[in-house]
Protein chains: 2
Amino acid sequence: MTAPARLAPPPRERIIDAARDLFRKHGIRGIGVDAIAEAAESNKMTLYRHFGSKDDLVVVCIERAAAEAEDFWTDLKAAHPDDPKAQLQDWVRRAGDFVTVAHCNCELLDAAAQLVESDHPARHVVEEIRKGHKRRLAALCRDAGVAEPDLLVDALTLLIEGARFNWRSAGPQGAAARFVAIAETVVAAFMAKSACCGSAGKAH
Amino acid sequence: MTAPARLAPPPRERIIDAARDLFRKHGIRGIGVDAIAEAAESNKMTLYRHFGSKDDLVVVCIERAAAEAEDFWTDLKAAHPDDPKAQLQDWVRRAGDFVTVAHCNCELLDAAAQLVESDHPARHVVEEIRKGHKRRLAALCRDAGVAEPDLLVDALTLLIEGARFNWRSAGPQGAAARFVAIAETVVAAFMAKSACCGSAGKAH
DNA sequence: AGTAGATGTTACGGGTTGGTAACATTGTCA
DNA sequence: TGACAATGTTACCAACCCGTAACATCTACT
């Protein structure tokens, strides 16, 4: 068997997993490479042999998260083929899981946001991921027949990022727990805007 | 004149101002006491004479921000006496300023959210402020005749926190720039929920 | 068996940061 | 003038953290 140790994952994978976990929990600045190496049941030297620097490790972690996000969209489209409305509704539901479930890649992205102001090499990677999500979600809203798809995309973006933030700082008792109900209401409002009562209440 | 130096503010005030500014820009973990003292045109020793530790300084800064938030509500109610609907609409507009204008106390609160997981003494202070805001906003929504005031409060909470977060990481090009338009739409939708088309689109 | 490559261990260097000690300086009030 | 409090200056410590060097160990493949 030339297989590279299927039972115990190789150190590189263990390090990435541990890093992602700890970055989520403590933030990128909040955890040291020593702690990561130890949590990965490895050591600092092999960490630095695989990743030239902590910044490089961060980039790899974020790229890994981006790859998993790719699966998110694949699954979503596969679950409701040729039914954008159902996809949009299911997006809300699944996004809700991403907010509340601790083990999600999104928390890694928001940890990366701690790197603003200092031009961390991971910044533009995060930016690309954000753009990709936005583009896909916009296409989804457009296909679902929403009147102002771009505005709904921005609304959902603010809601989900706010939810992730709120969940971190306020916990399960905070507003983030009701993300799905809120997002569903907002989506419904945008859908109704082009079907039911045109200019609802507010004279614009 | 026994007045304590009206022209140049005393060191304590200068330190608090500098700290708030730098905490906003770099986050609490991202700036050192040395830099704060220098920015305040003071030095580390007087900083530690006034505030026993960096954590204490953080708490004072947040309490200062909370006091200013008190003014926010006072001004809002004074601007539209006995007109909760106008107050709610104006709340959205003013909240939008708090998102985009760099010099705002909210950024201090979200900087404080970097302290999650480690039970920083500032955490429960932030929690209290958050509760106060929520309570006042809920009362406002109720008085404005919103059908589900609590849900709208949570929605606006997620939107504004998401906007602050997004503004930091995505800048003026991101979704945060359209916060006001989004929030107005959401508010209108909640207002219409109790007036126009009852159960809009979604069978709940 | 033996060799090469990946991994583990220990120790260290240089930098930053929170916090303290000791002393000098300034300004105020009697 | 003299005394006292607040402030400034310098130096320092201990802890932490990123990154590297040197050496030991293990594993795989021939």
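Side-chain atoms are counted along with the backbone in the values below, which use heavy atoms only and exclude waters and symmetry mates. Below, chain A is the first sequence line, B the second, and so on; all start at residue 1.
- In this structure, B:Ile15 places its CD1 atom 14 Å from P of D:dA6, rounding to the nearest Å.
- Rounded to an integer number of Å, the gap from CD of B:Glu13 to P of D:dA6 is 16 Å.
- One can place NE2 of A:His26 at 11 Å from P of D:dC17, the figure rounded to the nearest angstrom.
- Between A:Trp167 and A:Phe179, every side-chain heavy-atom pair lies at or beyond the 4.5 Å cut-off.
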For residues 150-162 of chain B, please give each side-chain donor-acceptor pair under 3.5 Å, one per line with the distance, not counting sequence neighbours.
from: B:Asp154; atom 1: OD1; to: B:Lys134; atom 2: NZ; distance (Å): 3.1
from: B:Asp154; atom 1: OD2; to: A:Arg178; atom 2: NE; distance (Å): 2.4
from: B:Asp154; atom 1: OD2; to: A:Arg178; atom 2: NH2; distance (Å): 2.7
from: B:Thr157; atom 1: OG1; to: B:Val153; atom 2: O; distance (Å): 2.7
from: B:Glu161; atom 1: OE1; to: A:Asn166; atom 2: ND2; distance (Å): 3.0
from: B:Glu161; atom 1: OE1; to: B:Arg130; atom 2: NH1; distance (Å): 3.4
from: B:Glu161; atom 1: OE2; to: B:Arg130; atom 2: NH1; distance (Å): 2.3

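- The CE atom of A:Met45 sits 8 Å away from the P atom of D:dT20 (whole-angstrom rounding).
- Checked against side chain to side chain donor-acceptor pair (under 3.5 Å), A:Glu13 has the following partners two or more places apart in sequence or in another chain: A:Arg64.
- Residue A:Ser42 places at least one side-chain N or O under 4.0 Å from the OP1 or OP2 atom of C:dG8.
- Under the 3.5 Å distance criterion, the side-chain polar atoms of A:Arg14 are matched with a main-chain donor or acceptor of A:Pro9.
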With a 3.5 Å cut-off and sequence neighbours excluded, list the donor-acceptor pairs that the side chains of residues 75-83 of chain A form with protein atoms.
from: A:His80; atom 1: NE2; to: A:Asp90; atom 2: OD2; distance (Å): 2.8
from: A:Asp83; atom 1: OD1; to: A:Ala86; atom 2: N; distance (Å): 3.2

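- Here A:Glu63 pairs with nothing under the salt bridge (charged side-chain N to carboxylate O under 4.0 Å, His left out) rule; sequence neighbours left out.
- Under the rule for a side chain to side chain contact (heavy atoms under 4.5 Å, CB included), the partners of B:His133 that lie at least two apart in sequence or sit in another chain are B:Ala69, B:Trp73, B:Ile129.
- Checking the phosphate oxygens (OP1, OP2) of D:dG8, a side-chain nitrogen or oxygen of B:Arg14 falls inside 4.0 Å.
- Across its full length, the helix from C:dA1-D:dT30 to C:dA30-D:dT1 shows an angle of 10° between the axes of its 5 terminal pairs at either end, rounded to 10 degrees.
- Contacts classified as salt bridge (charged side-chain N to carboxylate O under 4.0 Å, His left out) and involving residues 43-57 of chain A (residues at least two apart or in different chains) are given here: A:Asp34-A:Lys44.
- As rounded to whole Å, 10 Å separates atom P of C:dG8 from atom CD of A:Glu41.
- Across residues 46-55 of chain B, B:Thr46, B:Arg49, B:His50 each have a non-hydrogen atom less than 4.0 Å from an atom of DNA chain D (numbered order).
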Per-nucleotide protein contact string for nucleotides 11-16 of chain C (B base, S sugar-phosphate only, - none; heavy atom under 4.0 Å): ------
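- The salt bridge (charged side-chain N to carboxylate O under 4.0 Å, His left out) test applied to B:Glu38 returns no partner, not counting sequence neighbours.
- Contact annotation for B:Leu57: no contact, since no heavy-atom pair falls under 4.0 Å across all strands.
- B:Ile28 pairs with exactly one of B:Leu22, B:Leu57, B:Val58 by the side-chain contact (heavy atoms from CB on, under 4.5 Å) rule, that one being B:Val58.
- Per the geometry, CD belonging to B:Glu38 stands 13 Å off P belonging to D:dG8, to the nearest Å.
- Every residue meeting the salt bridge (charged side-chain N to carboxylate O under 4.0 Å, His left out) condition with A:Glu70, not counting sequence neighbours, appears here in chain and number order: A:Arg136.
- Among the heavy atoms of the strands, none lies under 4.0 Å from A:Ile36.
- Rounded to whole Å, the distance from CG on B:Leu22 to P on C:dT17 is 12 Å.
- For A:Glu41, the salt bridge (charged side-chain N to carboxylate O under 4.0 Å, His left out) test picks out no residue, with sequence neighbours left out.
- Put simply, CG on B:Asn43 is 18 Å from P on C:dC23, counting in whole angstrom units.
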